[in-house]
Number of protein chains: 4
Amino acid sequence: MPKVGMPAIRKPQLIQAAIEAIDERGFSGATVSVIGKKAGVSPAIINHYFGGKNGLLEETMKSLIREFFLLLKQELVRGKKASGIDKVMIIVKTSFSHSQTQPEVVKVWMGFWALAMHSHVFLRLQRVYSKRLKTALVMELKAILDIQKAREVAHIVASLIDGMWLRGSLDGGINKSYSTKLIRSYLELEIS
Amino acid sequence: MPKVGMPAIRKPQLIQAAIEAIDERGFSGATVSVIGKKAGVSPAIINHYFGGKNGLLEETMKSLIREFFLLLKQELVRGKKASGIDKVMIIVKTSFSHSQTQPEVVKVWMGFWALAMHSHVFLRLQRVYSKRLKTALVMELKAILDIQKAREVAHIVASLIDGMWLRGSLDGGINKSYSTKLIRSYLELEIS
Amino acid sequence: MPKVGMPAIRKPQLIQAAIEAIDERGFSGATVSVIGKKAGVSPAIINHYFGGKNGLLEETMKSLIREFFLLLKQELVRGKKASGIDKVMIIVKTSFSHSQTQPEVVKVWMGFWALAMHSHVFLRLQRVYSKRLKTALVMELKAILDIQKAREVAHIVASLIDGMWLRGSLDGGINKSYSTKLIRSYLELEIS
Amino acid sequence: MPKVGMPAIRKPQLIQAAIEAIDERGFSGATVSVIGKKAGVSPAIINHYFGGKNGLLEETMKSLIREFFLLLKQELVRGKKASGIDKVMIIVKTSFSHSQTQPEVVKVWMGFWALAMHSHVFLRLQRVYSKRLKTALVMELKAILDIQKAREVAHIVASLIDGMWLRGSLDGGINKSYSTKLIRSYLELEIS
DNA sequence: GATGAATGAGGATTCATTCAT
DNA sequence: TATGAATGAATCCTCATTCAT
């Protein structure tokens, strides 16, 4: 008697458990056993639902990325009346907000980044994030700058976001207001 | 009497082997067995010289950091006549040069960064790097800006360096000239 | 649903395998690999059931002690009509019988004794045995001697039992009838 | 330029180091490395002088036994005027004195006993001790008892000595005066 | 669907020993 | 004589995965 709709329950549950496990113990400490325990289920069902540990990790990273761009989309819709720098700053702020809503994602994201360095699948996913963030920035910047300049500024802003994330991870969290202030001041300099 | 001076030969040899192993296979793939094979010695001597795998990794990271700041010092001495933005750019360029001299350090450094997230020892080391880089930047910037502003700009530049490293790691290498060009243009904007 | 009731099967099975392995190869030769092979299972399940080799050894010693005192209790119940020296001799005989039922326990017990010398856990267990045996002897002896004397005689009898075990272990077994004869003759001397 | 007489210096030095190591860390913890460190020499010379770790252990046990019987001989000479029970008690007292002079031998001796259970060489050595002790007792007892009885009493006394050693080892030492008192009272009972 | 049982491959590490110096 | 360098074998243990139930 298979219970219907179990995947829809179990999958997010296991993904969340994976995020927490990685946050707490790092990638090397996030064993299926730990993740299973955290989710309150047997480690064996990770194979059942994801075909193995790697499958779970892939889905976890996809979920993180999906969630971020969903949030970004919402924020952009909410601020669609804004213009110029403000529009760009929505992207910046959302980037930092994401980590504030779920502080554990900082460590997890960093871990995936390191993983991407040696795994084709994760590299592809990381590039998706990387490109989409830059694309979003260019989209807004080209309204106020020529396309060439827009690309350069987008690259700088994207790098600033990632760099501040990285440095923030060392201090146990990102200082959102300070980070956004600095980026805004840069943008004002660039655009005025 | 035994062979003398072996530590001076073996230690750097094993550190280099560790860097290569991590570069090729990632942290999880860099087993003592692999590192030993790469160095052409028995895995057991890792314990002999470093007291365990962790000891080797620590020394490897220390070595990377030491090497970077040694290079930086040399470059700053060489360019001591420079002034203003040029002085700052020496730091920026050295940061990117380091990875060009040894392309594999990008992945390794990123791996250590992820490791730092869950290991006290590596966190401390990473912070040493992080702070010293920023300090070096502030040092040069306060010659041309007031201290408060110098700190902010230093934070931005440091974040740009790290962020561009990070993004560069996705593309299999850092585009040094593009990166330095962008950072210089930011500095000119800020300072002029 | 998994196979149920396996612990009740596997635990005694592994304990028995451990006893045989120690008997045949000594403590240093009783590796998890050997024990696993002897039990016809993978060495890994020792961790599954006992949390590690040490856990198995602890349970093995506990099992030996439990078994002995269970046997002793039964014998004392069976001989509850006996009195005086006969009652004491039940304890003595049971001590030697235990090793006859399972000849391998002599070596194993001796091994645990040596282990107790440097391990807190095993020391505690050995003291439990040591004290309970003496207590049992005092219990019977105080029916026929004043308490002070009973304690002394108990100490002598307990020492004789252990000493004869020890010496018997050198000869590949304890000569039960000779041992009990000598102890009885001592008791008769003491009590008459 | 071989230094002459080194064996006479190194061998006892290493034997003593072995005894201390076994006392402190048990047989399993007494590695050549530890013993070497304790003796202040390289572990490698254990092979040089004893042909391997096992050689050292054999010599250590032989040394212990030799030392005990040397002491016993001296005491018997010193007390050669004594007679009857007193003569026997010299043996008993010496047995317990031995462990008082060097408290660490209790643990070491016990360890060898356990080792004897699975090693032909050590079994032989242990039997030498066991038989010589009994022979010494019979020697004195047959002056006051018929040979048959003397053998029985010798067996009892030898068992008491070993049993009390064993039990004493659990308590961190042998209570010499209590032990000798009990054995003497037994002998008086037997002989009067 | 879900589980605990069970495993095999592989992890770091320890150890006694050998060897060149 | 004495050493540190070096190793291979063997240790326990961990882990992702599979399987019968």
Side-chain angles (χ1 to χ4, degrees), chain A residues 1-7 9-10 28-36 40-56, chain B residues 1-7 9-10 28-36 40-56, chain C residues 1-7 9-10 28-36 40-56, chain D residues 1-7 9-10 28-36 40-56:
Chain A
M1 292 173 290
K3 300 175 204 167
V4 292
M6 283 317 275
I9 295 172
R10 285 278 177 264
S28 66
T31 67
V32 287
S33 156
V34 167
I35 296 170
V41 297
S42 159
I45 75 166
I46 287 174
N47 295 299
H48 196 301
Y49 283 111
F50 297 95
K53 187 189 182 182
N54 228 51
L56 169 57
Chain B
M1 265 176 257
K3 288 184 245 178
V4 289
M6 283 320 270
I9 296 172
R10 279 285 128 79
S28 67
T31 67
V32 288
S33 157
V34 167
I35 295 170
V41 295
S42 156
I45 70 164
I46 288 174
N47 293 344
H48 193 317
Y49 284 110
F50 297 96
K53 188 190 182 183
N54 227 53
L56 170 58
Chain C
M1 266 178 258
K3 286 186 246 177
V4 289
M6 284 320 269
I9 295 172
R10 279 285 127 79
S28 66
T31 67
V32 286
S33 158
V34 167
I35 295 170
V41 296
S42 157
I45 69 166
I46 288 175
N47 293 348
H48 193 315
Y49 283 112
F50 297 96
K53 187 191 182 183
N54 227 53
L56 170 57
Chain D
M1 293 173 289
K3 300 176 203 166
V4 291
M6 282 318 275
I9 295 171
R10 285 277 178 265
S28 67
T31 67
V32 287
S33 156
V34 167
I35 295 170
V41 296
S42 160
I45 73 166
I46 288 174
N47 295 301
H48 196 301
Y49 283 111
F50 297 96
K53 188 190 183 185
N54 227 51
L56 169 57

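Here the structure is a predicted model, which means the values were calculated and not measured. All chains are named by letter (A, B, ...) in the order of the sequence lines, taking the proteins before the strands, and each is independently numbered beginning at 1.
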Asker: May I have the distance from Leu56(A) (atom CG) to dC15(F) (atom P), rounded to whole angstrom?
Answerer: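 Distance check: Leu56(A) CG to dC15(F) P gives 16 Å.
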Asker: In whole angstrom, what separates Met6(C)'s CE from dA6(E)'s C1'?
Answerer: 9 Å
Asker: Specify the closest pair of heavy atoms between Pro43(A) and Ser33(A), including all atoms of both residues, with the distance to one decimal.
Answerer: CG-CA, 3.9 Å
Asker: At under 4.0 Å, does any side-chain N or O of Tyr49(A) touch on OP1 or OP2 of dA2(E)?
Answerer: yes
Asker: Figure out the CZ/C1' separation between Phe50(A) and dG1(E), and round it to whole Å.
Answerer: 14 Å
Asker: Roughly how far apart are Phe50(D) CZ and Leu56(D) CG, rounded to 0.5 Å?
Answerer: 5.0 Å
Asker: Quick one: closest heavy-atom pair of Asn47(C) and Gly52(C), and the distance?
Answerer: OD1-CA, 3.2 Å
Asker: In whole angstroms, how far is the P atom of dT3(F) from the CG atom of Asn47(D)?
Answerer: 13 Å
Asker: Show me the protein contacts with nucleotides 7-11 of chain E, counting only N or O atoms at under 3.5 Å.
Answerer:
unit_1: dT7(E); atom_1: OP2; unit_2: Ser42(C); atom_2: N; d: 2.7

Asker: To the nearest 0.5 Å, tell me how far Ile45(D) CD1 sits from Ile35(D) CD1.
Answerer: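 One gets 11.5 Å once the value is rounded to the nearest 0.5 Å.
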Asker: Between dT18(F) atom C1' and Ile46(A) atom CD1, what is the distance in whole Å?
Answerer: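 So the two atoms are 14 Å apart, to the nearest Å.
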Asker: Quick check for you: to the nearest 0.5 Å, what is the distance between Thr31(D) atom OG1 and Ile46(D) atom CD1?
Answerer: 8.5 Å
Asker: Which residue lies toward the 5' end of DNA chain E, Pro7(C) or Asn54(D), if each is placed at its nearest nucleotide?
Answerer: Pro7(C)
Asker: If you write DNA chain E from 5' to 3' in dot-bracket form, with Watson-Crick or G-U pairs under 3.5 Å, [ ] for crossing pairs and | for pairs with another strand, what do you get?
Answerer: .||||||||||||||||||||
Asker: With distance as the sole test, does Lys53(C) use its side chain to make a donor-acceptor pair with the main-chain N or O of Ala30(C) at under 3.5 Å?
Answerer: yes
